[in-house]
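This report refers to the structure that appears directly beneath it.
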Amino acid sequence: MEGGALQIAGLVMGGIGVVGTCAVTGMPQWRVTAFIENNIVVFESMWEGLWMNCVRQANIRMQCKIYDSLLALTPDLQAGRALMCISVILSFLSFMIAVIGMKCTKCGGDNERTKGFILLVAGIAFILSGVVVLIPVSWTANNIIRDFYNPLVNVAQKRELGDALFLGWATAFCLVIGGIILCCFCKRDERKYKYTPQAPKSASNYPRGAISKKTSSLYSKSQYV
């Protein structure tokens with residue numbers, strides 16, 4: 001029962017990570033307008049994402065436009081597109097592999113050691129997915145903070161951290177924690193099935209009658225020599 005609950009916890013964390021990865025990839029709130037100094041036009045805000053930028057006016061109207069060219073993006077957003085797409089695919093495959101390795105399913109057979117190995121593969125893939133999500137999110141956040149405190153950057157071009165970045169950090173955390181749980185469950189199974197060599201039986205384990213009988217038979221045979 002304990003092992004099954006641990007598996008379900010790891011699978012749930014991984015499932016949350018998969019949903020979060022898809023949401024972060026599609027959200028346009030990676031960079032948002034910073035209302036500082038002379039840039040105080042609060043009724044209009046701009047969002048910049050991996051696929052489009054949006055202009056929102058006073059919570060009433062919002063217009064979004066897909067980027068015309070990939071080369072128009074900054075290097076961090078260009079790399080973010082590729083890495084987030086890889087993370088979506090990898091996290092989804094990890095989730096499906098974890099479902100196959102669950103104790104309550106019959107997809108991988110009834111061999112618990114085989115299922116443990118499947119869960120280990122799924123756990124490692126979840127951890128890799130979390131790392132892949134963490135790279136573009138942290139890279140973009142670092143560039144935003146660096147430009148924000150750079151006096152050479154125009155105030156109108158300064159941005160703040162968007163909701164997608166915070167959701168990306170939470171998603172990476174869920175993926176890594178889910179992967180660690182599944183890997184720990186595999187280690188637990190390996191200790192369960194670990195081979196323990198048996199010590200050789202000593203002479204005290206044999207019956208006294210069998211030892212005396214064997215000694216007397218050897219002695220009787222030596223009398224014929």
Side-chain angles (χ1 to χ4, degrees), residues 9-34 45-56 62-102 118-150 153 157-183:
L11 186 65
V12 169
M13 294 295 290
I16 295 173
V18 173
V19 176
T21 303
C22 297
V24 172
T25 305
M27 289 177 64
Q29 296 100 327
W30 281 61
R31 301 168 180 262
V32 297
T33 305
S45 60
M46 180 175 292
W47 300 343
E48 297 177 11
L50 298 178
W51 311 97
M52 66 185 74
N53 57 4
C54 299
V55 177
R56 188 176 183 181
M62 184 173 65
Q63 294 179 341
C64 295
K65 179 183 179 183
I66 300 176
Y67 295 119
D68 296 329
S69 174
L70 178 64
L71 301 177
L73 299 176
T74 57
D76 56 331
L77 294 182
Q78 292 179 9
R81 272 193 181 187
L83 291 174
M84 291 305 298
C85 290
I86 292 173
S87 181
V88 169
I89 298 173
L90 186 58
S91 60
F92 179 76
L93 292 177
S94 304
F95 184 81
M96 298 305 297
I97 294 173
V99 171
I100 294 174
M102 293 290 289
I118 294 174
L119 288 179
L120 177 63
V121 174
I124 294 174
F126 270 133
I127 295 174
L128 290 177
S129 302
V131 173
V132 173
V133 171
L134 192 61
I135 291 173
V137 170
S138 300
W139 187 2
T140 303
N142 177 69
N143 289 344
I144 293 173
I145 296 173
R146 182 194 62 195
D147 294 340
F148 187 86
Y149 291 105
N150 188 357
V153 177
Q157 295 177 347
K158 292 184 178 182
R159 297 290 182 263
E160 289 185 354
L161 304 179
D163 296 338
L165 300 181
F166 297 103
L167 182 58
W169 283 317
T171 297
F173 176 78
C174 292
L175 289 171
V176 172
I177 293 300
I180 291 174
I181 292 174
L182 295 179
C183 291

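What you see is a predicted model; the values in this text were computed from it and never measured.
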Quiz item: Would you find more than 12 non-hydrogen atoms of other residues, nucleotides or ligands less than 6.0 Å from F173 atom CZ?
Solution: no

Exercise. Can you establish whether the number of heavy atoms outside L70 located under 6.0 Å from its atom CG is more than 12?
Key: yes

On a heavy-atom basis, which atom in [X] and which in [Y] lie closest, and how many Å separate them?
{"X": "F148", "Y": "R159", "value": "CD1-O, 3.7 Å"}
{"X": "L73", "Y": "Q78", "value": "O-NE2, 3.0 Å"}
{"X": "P136", "Y": "W30", "value": "O-CZ3, 4.0 Å"}
{"X": "C183", "Y": "L120", "value": "SG-CD1, 3.9 Å"}
{"X": "A98", "Y": "L182", "value": "CB-CD1, 4.0 Å"}
{"X": "V137", "Y": "G168", "value": "CG2-CA, 4.1 Å"}

Look up atom [atom1] in [X] and atom [atom2] in [Y], then write down how far apart they are to the nearest 0.5 Å.
{"X": "T21", "Y": "I16", "atom1": "OG1", "atom2": "CD1", "result": "11.5 Å"}
{"X": "T140", "Y": "I145", "atom1": "OG1", "atom2": "CD1", "result": "11.0 Å"}
{"X": "F92", "Y": "I97", "atom1": "CZ", "atom2": "CD1", "result": "11.0 Å"}
{"X": "S138", "Y": "N143", "atom1": "OG", "atom2": "CG", "result": "11.0 Å"}

Practice problem: Show your working on side chain to side chain contact (heavy atoms under 4.5 Å, CB included) between R81 and W51 and close with a plain yes or no. | Solution: CA-CA 8 Å; R81 272 193 181 187; W51 311 97; 3.6 Å; yes

Just so I know, are the side chains of [X] and [Y] near enough to count as touching, which here means a heavy-atom distance under 4.5 Å?
{"X": "Y67", "Y": "L50", "answer": "no"}
{"X": "L165", "Y": "I144", "answer": "yes"}
{"X": "D76", "Y": "R31", "answer": "yes"}
{"X": "K158", "Y": "D147", "answer": "no"}

Hey, can you pull the donor-acceptor pairs under 3.5 Å for the side chains in residues 121-135, sequence neighbours left out?
from, atom 1, to, atom 2, distance (Å)
S129, OG, S91, N, 3.3
S129, OG, A125, O, 2.8

Exercise. Starting from the C-alpha separation in whole Å, work towards a yes-or-no answer on side chain to side chain contact (heavy atoms under 4.5 Å, CB included) for V24 and M84.
Key: CA-CA 8 Å; V24 172; M84 291 305 298; 3.8 Å; yes

